[in-house]
Amino acid sequence: MERTYPDEFEYLVGTLELIDSELARFGDGMESDEQKLAQERRYMWQELPAASTDWEELSDMSAQLSVLQEQEKRWVEKDRQNAVLLKMRSSPYFGRVDFTEKGSSESEKFYIGLANLMDKRDYRMLVCDWRAPVASLYYDNGRGPTVYECPEGSIEGTVELLRQYRIEDSELKLVIDSDIRLDDTILQDALLASSSEHMRTIVSSIQKEQNSVIRDSGNDMLIVLGPAGSGKTSIALHRIAYLLYRERNNLTSDNILIFSPNDVFCGYISQVIPELGEPSVSQTTFSDLISRYCSVPVGGMFEQSEFLHAPDDRVRFDGIRFKSSGEFVELAKEFISAYLPKFTDVIFGDTTIINAATLKKLYTDDLSHLSLSGRLSKLRELIFHRFGPAEQEFRRALRDEVAAESFDKWQFRTAFKQKYDSKMSDTYAQIAICTELDYVDLYKKFLYFAIPQWSDPTADKTAMLRQADSLAENGRLNFEDGVGVLLLTALSGAVPPPKKIRHIVLDELQDYTAAQHEILSILFKGCSFTMLGDLSQLINPYAGLTDPEEIPPIYSLSRFAIKKLTKSYRSTVEITDFAKKLLTLPEQTEQFERHGEPVKTLLFSSDRERISHIAEELSAHTGGSSVVLTKTVAEARQLYQMLHRKNSDLRLLASDDTVYHTGLWVMPVALAKGLEFDRVILADSSLYESELDRGLLYVACTRAMQSLTVLSTGNHSPLFGGIK
């Protein structure tokens, strides 16, 4: 390599020398700064108790604390830069663009890498950040005349050279000149790499259609649709890193929130953004969001998915259909708009503080411009304002009465509180009736209102009302009811929006109901959104808004774009072609030409033979990741018990809070969403029988990167269309 490209070898050596000098400078300074910060923290901790009664000293310490916090921010930023340099030490750049600006006679070389690297001696940029405007020349263009956008405007010119590198452990392994980026040799290597316990970055192999998504900055909502393996999630995470770079003066990682399908997936994607040189961002699930605001424990989305694919309660099944519909949201809005609390007279002793008629008039007329929660809050303020003089008079009289009984200090407090609470309890109960809401109870009332109005004539609405009557009797709500409670809470104005959040990333868009979108539109009003989805991977067929154009109006956003990725990179051609048998939507997916072994479809006469074959396949595991996918958690647990005796390396993933690592696994398909594996064994396709199972079966097949084996006892799933 040195003989073939001597200039490139020399450039790499110079770049590595600069990185080493920067690392040495950071290392010396950071160690000293860390010691100073530790001393300052100890001083503050020791001095604060002594200063806690001296206002002047407290003021001084407050100023010192502000200085300390600023120093810590600078130290954290230095630590981040140091981590980026350490990553670049192994592979400082991966591409190069030679560009001649229009009107100039000289070509300028731009090396593209993880972050900017400037030689401060002559202010020469040795490496350009992949997110910089000029880097778009590398991702979007072949050689020839072109234009790229930067803060100064459009720059015209000509791309003279596109060059790609593979640099590993600081050694130049491969150099390729190409008219069209990206060369298949490098992309093939990236795709053939075994799956890891964390999602990989794709910064060195971003394709043109992916780059247009990552760099979109003119829309408040970006909806990205693409087939399995098109890199939707990874692109969204790179988009976050791009936005943090582009908006670095007014956007930080604290301003971004990712909604993932489950906690397993949260862990899987957790390292991508730090690997791109940015601080990690917050992640959550919709189940976590419900739990934050709901007073009753709520089942997760995963549990609902399990139920839908093995329903044993027709009434709940119909309830999920109803609660997933747009009609459910419209009825909820109508209910909240017309809701009138059951007002009562507020009486203290023989005095009426305020009567029910006055409260009703204030609620319906004077305060009608406020939300339901806002109106109740104002009524509570008014009641206590009117009640104040009477309460103060009672408090003075009671104090004199208790004082006359010659109690000691402790006895006086106890006696006063008992008498006060006894006298006030009825009044406080009346105030609570007029101004407080139990949102689970409100939701139950809403169901009594809404179920009879549901337009579906096939549902047993009488049975649904009976089920609503026993809501949360076991101390727990189903996921769909947790969504309903949170919807009413949000529509009532009782959910305070998170103050810091400015951008939301929503993954698995197709699994979100109209009610969930309505909730997010209220909680995160004013935020921008990146949403990702694939209708072919729909697990709850009643959840998805099948027309993405329906989504932006829910959020009252006019600046939006819907972008479609058309190329799949994850699976081999053989696996992708097999999975396409399950698609009912018009298929426009392009496939990266990577071939592998044919999909194996095996039939067995008994479950015993089938399970024995799974054990044999697992025993041949030679590294990377292999998974046995089941339809349900119960099936996964049963298989694990039988197979673990023969293979102690096998692990079970049966809940959405398990940490995923590479190796041998058994798990239900719903928990594998978004993950990818080198080898997939579908435990029993015959269990996927109805149209409800089509999306689940498609998800199972498209998790495989290199090898897919489909097993069945008796017959294969009819959804495959007659495979043998």
Side-chain angles (χ1 to χ4, degrees), residues 209 212-214 216-228 230-233 235-237 239-240 243 256-261 265 284-287 289-290 301 304-305 320-333 479-480 483-484 486-487 490-491 495 497-498 501-566 585-586 588 673-674 695:
E209 65 171 4
S212 70
V213 173
I214 291 170
D216 184 285
S217 56
N219 294 290
D220 297 320
M221 176 176 285
L222 184 64
I223 297 175
V224 184
L225 304 175
S230 56
K232 295 182 296 295
T233 303
I235 290 166
L237 299 177
R239 174 168 164 74
I240 290 173
L243 293 174
I256 297 174
L257 179 63
I258 300 173
F259 277 90
S260 292
F265 194 68
T284 191
T285 66
F286 206 90
S287 299
L289 187 69
I290 297 171
M301 189 185 292
Q304 184 197 71
S305 173
I320 292 174
R321 290 198 300 117
F322 175 44
K323 295 158 191 175
S324 300
S325 69
E327 194 175 349
F328 180 78
V329 176
E330 293 310 310
L331 287 167
K333 291 179 178 178
F479 177 77
E480 63 273 13
V483 171
L486 185 54
L487 175 64
L491 289 171
V495 181
I501 303 303
R502 293 177 51 206
H503 188 82
I504 301 291
V505 174
L506 186 70
D507 209 350
E508 303 295 352
L509 167 66
Q510 71 278 357
D511 290 328
Y512 280 72
T513 65
Q516 289 173 275
H517 281 294
E518 189 69 36
I519 291 165
L520 293 173
S521 74
I522 296 170
L523 263 63
F524 300 103
K525 186 176 182 180
C527 292
S528 56
F529 292 82
T530 299
M531 297 188 175
L532 322 161
D534 176 13
L535 292 176
S536 299
Q537 298 185 60
L538 188 62
I539 285 185
N540 175 0
Y542 307 109
L545 295 168
T546 55
D547 182 359
E549 297 275 356
E550 298 177 71
I551 297 172
I554 296 175
Y555 294 81
S556 301
L557 295 173
S558 57
R559 294 195 312 163
F560 69 92
I562 299 171
K563 297 198 175 186
K564 295 184 179 181
L565 304 174
T566 59
L585 300 169
Q588 300 176 341
K673 271 197 108 175

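FYI, side chains are in, hydrogens and waters are out, and symmetry mates aren't considered; it's all heavy atoms of this structure.
Checked by atom type, the side-chain pair E480/Q304 shows a donor-acceptor distance below 3.5 Å.
Taking the side chain as every heavy atom from C-beta outward, V505 and I240 approach each other to under 4.5 Å. Contact check for L487 versus F328: side-chain heavy atoms found under the 4.5 Å cut-off. In this structure, K323 and F479 have side chains that are not in contact, with every pair of non-hydrogen atoms separated by 4.5 Å or more. In this structure, Y555 and M531 have side chains that are in contact, with non-hydrogen atoms separated by less than 4.5 Å. Looking at heavy atoms from C-beta onward, K232 lies out of side-chain contact with T530 at the 4.5 angstrom threshold. Between L331 and F322 there is a side-chain heavy-atom pair separated by less than 4.5 Å. Side-chain contact between D511 and P261 is absent, with no heavy atoms from C-beta onward closer than 4.5 Å. Looking only at side-chain heavy atoms (C-beta outward), P498 and L257 stay at 4.5 Å or farther from each other.
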Apply side-chain hydrogen bond (donor to acceptor under 3.5 Å, both in side chains) to T513 and Q516, showing your working. CA-CA 5 Å; T513 65; Q516 289 173 275; 3.3 Å; yes

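Distance alone, capped at 3.5 Å, places no donor-acceptor pair between the Q510 side chain and the G533 backbone. Checking side-chain atoms of K673 against main-chain N and O of Q537 turns up a donor-acceptor pair under 3.5 Å. Panel note: side chain E330, backbone E327; no donor-acceptor pair is recorded below 3.5 Å. Looking at N540, its side chain does come within 3.5 Å of a backbone N or O of Y542 through a donor-acceptor pair.
Using bins of under 30°, 30° to 60° and over 60° for the plane-to-plane angle, the ring pair F524/F259 lands in the perpendicular bin.
Across all non-hydrogen atoms, the minimal contact from S305 to I539 is OG-CG2, 3.0 Å.
Atoms OG and CG, on S558 and D220 in that order, are 7.0 Å from each other to the nearest 0.5 Å.
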